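Structure first, then comments.
No hydrogens, no waters, no symmetry mates; every other heavy atom, side chains included, goes into these values. Nothing here was measured: the structure is a model prediction, and the numbers come from that model. Order of the sequence lines sets the chain letters (A, B, ...), proteins ahead of strands, with each chain counted from 1.
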Amino acid sequence: AQKVTQAQTEISVVEKEDVTLDCVYETRDTTYYLFWYKQPPSGELVFLIRRNSFDEQNEISGRYSWNFQKSTSSFNFTITASQVVDSAVYFCALSEAPSSASKIIFGSGTRLSIRP
Amino acid sequence: SQTIHQWPATLVQPVGSPLSLECTVEGTSNPNLYWYRQAAGRGLQLLFYSVGIGQISSEVPQNLSASRPQDRQFILSSKKLLLSDSGFYLCACPNEGPRYGYTFGSGTRLTVV
């Protein structure tokens, strides 16, 4: 069975600090996708990144970076020089390879609060 | 690219009343469609998914049901709402293209009183 674990329920840091959100996943599939979504207070889900299981290259997008390590089944997300606008709930998610269902399984989310 | 429309945005319903939430998709054909629920302060739970017209798979036993009467229409229903049905309901479908994830609707915030 697939499972995504975000052990950090809530994180609070002061603005400009770096913060890392942890994500550990379980799957028996050899091909799968990993995602990060941001949910601001307004409630909509904002897509941040998708990673294919065959691509372990880390990625950086501005202040955001992602560290994918298959050996530890982790897909961690780091925000550098955090800003108040980064405050949101962040979800890590896992999807099986394209198939008839391709369900996405979400972690329980990490609520990130950035204090000015 | 796809667009998902969900309505209503907010809903307050009494216990025991029926429910019908609608999700429609534009910009794609024959998509997989998903209903998720987010209880207050909790994560997203997959309720139902559909791979085509009339095809519904349920992920968790519950008071809700889903239907897909048309290719781009996905409906979440209940005959009698429970307090525990309160939450934020989101409809989703996969994006087309190799780079992107899934598109979500703007959600319906349901409060059962």
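For the residue pair A:Asn76 / A:Thr20, no side-chain donor-acceptor distance below 3.5 Å is found, with atom types taken as modelled.
Interface remark: B:Glu59 contributes side-chain atoms only to the contact with chain A (heavy atom separation under 4.5 Å). Contact annotation for B:Gln38: only side-chain heavy atoms (C-beta onward) come within less than 4.5 Å of a heavy atom of chain A. A:Gln39 touches chain B through its side chain: at least one heavy atom from C-beta onward sits under 4.5 Å away, while N, CA, C and O do not. Only the side chain of B:Leu46 comes within contact range of chain A, with at least one heavy atom under 4.5 Å from a heavy atom of that chain.
The minimum heavy-atom distance between B:Glu22 and B:Gln73, with the atom names listed, is OE2-NE2, 2.6 Å.
Along residues 105-112 of chain B, the residues that come nearer than 4.5 angstrom to chain A, judged on non-hydrogen atoms, are B:Arg109 in order of number.
Judged by distance alone, with hydrogens and angles left aside, the side-chain atoms of B:Asn30 form no donor-acceptor pair with the main-chain N or O of B:Gly52 at under 3.5 Å. At least one donor-acceptor pair closer than 3.5 Å links the side chain of A:Tyr37 to the backbone N or O of B:Tyr102.
Within 6.0 Å of NZ in A:Lys70 there are more than 12 heavy atoms belonging to other residues, nucleotides or ligands. Atom CG of B:Leu83 has more than 12 heavy atoms from other residues, nucleotides or ligands within 6.0 Å.
The aromatic rings of A:Tyr64 and A:Trp66 sit perpendicular to each other, their planes meeting at more than 60°, with 30° as the lower class boundary. Note: A:Phe106 and A:Phe91 have perpendicular aromatic rings, judged against thresholds of 30 and 60 degrees for the angle between ring planes.
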